[in-house]
Amino acid sequence: MKNILAALIALSFVPAASAAGGAISDLGPTKGVAVPEASVEAAATEQMPDIDLFRYFGYAEAPKSAELAPAGLKGLADVVFSVNLAPLKNVYLKPAVTFTTGAGTKVHVSGTKAANCPNGGNSCADKEKFFLVLTTSKDQSFFVRAMDVVNWGIFMSGSKTVTIDGEKYVIKAYANASTPENSKVEIKGPRGVALNSTLKAIGDAVAAKGADVKLAKAYKLAYGNEIVQGPQGARFTDKMLVLMIPFPVADASSYYIFPAADMKPAGVTFPTFEKGYGFKLQNGKLDIYRL
């Protein structure tokens, strides 16, 4: 009670000092009684932990290729995997996580990472490269930078609105700092919540769209255009990539990116990826074979 009375007495002098031409900042010791400053300082310590919410989608590694001598290719009997890549092009962007617009357009929700940072460089946290991608059955793509839609308590409140078939859809991601893979992605449209899914469910659905490859480990193979970002947002490039995603998906694991142009018709190997295997791409057909 004494402290409260002292504060009230101090405050009672403020109008008089102002009227006399004295600034409030000239009141001497009363400056140190400012409670709001302490509140701001306390709030600063409660900011969101510096954690990669999107680590369930893995971290990209880009193994270097090494050309093989012609003798390195043993023959068709040693091919362990063969696929025509064209039918797989960007299929991973159409997983089974979907919603439907009022006009009947199906919209697939996926996640992927750009090849670079928001400023166009490469020196940034991995989470700054992550995008949610909305791909329609009409092959329209909407890129939503994930960190722009993160919500966490009172400290982060992000959202992004996209218009599909003339309808506005608001995308938000609700962060779960303790178990990031359980963070929720919510999309609201004119008729209410159109989609409510976890990052884990989206990641599993994306990986499931790949082709099964069994080498020393099991993988899902995906194929698609490189994605880059900049001040104007994200876009596809003409550069084609082959992705090898360990399957089943594990939190914070590595996935592997191979430029399709590196897979020569004569055959190459990627020693830091899988020893003892060669890769050759000719006329759109990828063969993986034992050396």
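Considering all non-hydrogen atoms of both residues, P190 and K168 come closest at CD-O, 3.7 Å. Listed here is the closest heavy atom pair of N116 and G121: CB-O, 3.3 Å. Smallest separation of non-hydrogen atoms from S197 and I202: OG-CG1, 3.7 Å. Of all non-hydrogen atoms in S110 and Y92, the two that sit nearest each other are CB-O, 4.0 Å. The heavy-atom pair separating I171 from Y169 by the smallest distance is CD1-O, 3.7 Å. Here the closest non-hydrogen pair linking S65 and F270 is CB-CE2, 3.4 Å.
A donor-acceptor contact shorter than 3.5 Å links the side chain of H108 to the backbone of P95. The main-chain N or O of V149 is found under 3.5 Å from a side-chain atom of N151 such that the two form a donor-acceptor pair. Remark: the backbone N or O of A250 is not paired with any side-chain donor or acceptor of E181 at under 3.5 angstrom.
Taking the side chain as every heavy atom from C-beta outward, F99 and L134 approach each other to under 4.5 Å. By the 4.5 Å heavy-atom criterion applied to side chains, K113 and F131 are not counted as neighbours. Two residues are said to be in side-chain contact when any heavy atoms from C-beta on lie closer than 4.5 Å; I187 and V109 meet this criterion. Looking only at side-chain heavy atoms (C-beta outward), M240 and E226 stay at 4.5 Å or farther from each other. With contacts defined as side-chain heavy-atom distances shorter than 4.5 Å, the pair F142/Q140 qualifies. The shortest side-chain heavy-atom distance between P63 and F258 falls under the 4.5 Å cut-off. Side-chain contact check for K188 versus K172: every heavy-atom pair is 4.5 Å or farther apart. Looking at V228 and R235, their side chains come closer than 4.5 Å, going by heavy atoms from C-beta outward.
Heavy atoms from other residues, nucleotides or ligands lying under 6.0 Å from NZ of K127 number more than 12. Remark: K214 NZ is packed, more than 12 non-hydrogen atoms of other residues, nucleotides or ligands lying under 6.0 Å away.
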Side chains of residues 51-62: which donor-acceptor partners sit under 3.5 Å, not counting sequence neighbours?
{"residue": "D52", "atom": "OD1", "partner": "F54", "partner atom": "N", "Å": "3.0"}
{"residue": "D52", "atom": "OD2", "partner": "Y59", "partner atom": "OH", "Å": "3.0"}
{"residue": "R55", "atom": "NE", "partner": "D251", "partner atom": "OD1", "Å": "3.4"}
{"residue": "R55", "atom": "NE", "partner": "D251", "partner atom": "OD2", "Å": "3.1"}
{"residue": "R55", "atom": "NH2", "partner": "D251", "partner atom": "OD2", "Å": "3.3"}
{"residue": "Y56", "atom": "OH", "partner": "D204", "partner atom": "OD1", "Å": "2.6"}
{"residue": "E61", "atom": "OE2", "partner": "S254", "partner atom": "OG", "Å": "2.8"}

Side chains of residues 159-166: which donor-acceptor pairs under 3.5 Å do they make with residues two or more places apart or in other chains?
{"residue": "D165", "atom": "OD1", "partner": "K138", "partner atom": "NZ", "Å": "3.2"}
{"residue": "D165", "atom": "OD2", "partner": "T101", "partner atom": "OG1", "Å": "2.6"}
{"residue": "D165", "atom": "OD2", "partner": "T105", "partner atom": "OG1", "Å": "2.6"}

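A salt bridge links D139 with K94: at least one charged nitrogen is closer than 4.0 Å to a carboxylate oxygen.
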Exercise for the section: Could you walk me through whether R290 and V80 pass the side chain to side chain contact (heavy atoms under 4.5 Å, CB included) test, one step at a time? Expected result: CA-CA 7 Å; R290 287 191 179 88; V80 296; 3.1 Å; yes
Practice task
In sequence, state the C-alpha distance, the side-chain angles, and the governing distance for E186 and V193, and then conclude on side chain to side chain contact (heavy atoms under 4.5 Å, CB included).
Solution key: CA-CA 7 Å; E186 179 189 82; V193 176; 4.2 Å; yes
Problem - Test log, rule side chain to side chain contact (heavy atoms under 4.5 Å, CB included), inputs E128 and M147 - result: CA-CA 7 Å; E128 302 294 343; M147 289 304 295; 4.0 Å; yes
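Here CZ of F247 is found 5.0 Å from NZ of K220. Values are rounded to the nearest 0.5 Å. To the nearest 0.5 Å, atoms CG (L281) and CG (D287) are separated by 9.0 Å.
A continuous path of Ile, Leu, Val, Met, Phe, Trp and Tyr side chains, each step under 4.5 Å between heavy atoms, connects V206 with V185, placing both in one hydrophobic cluster. Note on V213: it clusters hydrophobically with L88, by side-chain heavy-atom contacts below 4.5 Å among ILVMFWY residues. Clustering ILVMFWY residues whenever any of their side-chain heavy atoms sit less than 4.5 angstrom apart, transitively, puts L241 in a cluster other than the one holding Y223.
Listed by chain and residue number, Y219, E274 satisfy the side-chain contact (heavy atoms from CB on, under 4.5 Å) test with K217 (two or more places apart in sequence, or in another chain).
Donor-acceptor pairing under 3.5 Å is lacking for the side chains of T198 and N182. For the residue pair N225/N90, the side-chain donor-acceptor check at 3.5 Å is satisfied.
Considering L85, D212, L243 as possible partners of L221, the one that fulfils the side chain to side chain contact (heavy atoms under 4.5 Å, CB included) test is L85.
Ring geometry, F143 versus F236: the interplanar angle exceeds 60°, so the pair is classed perpendicular (tilted spans 30 to 60°).
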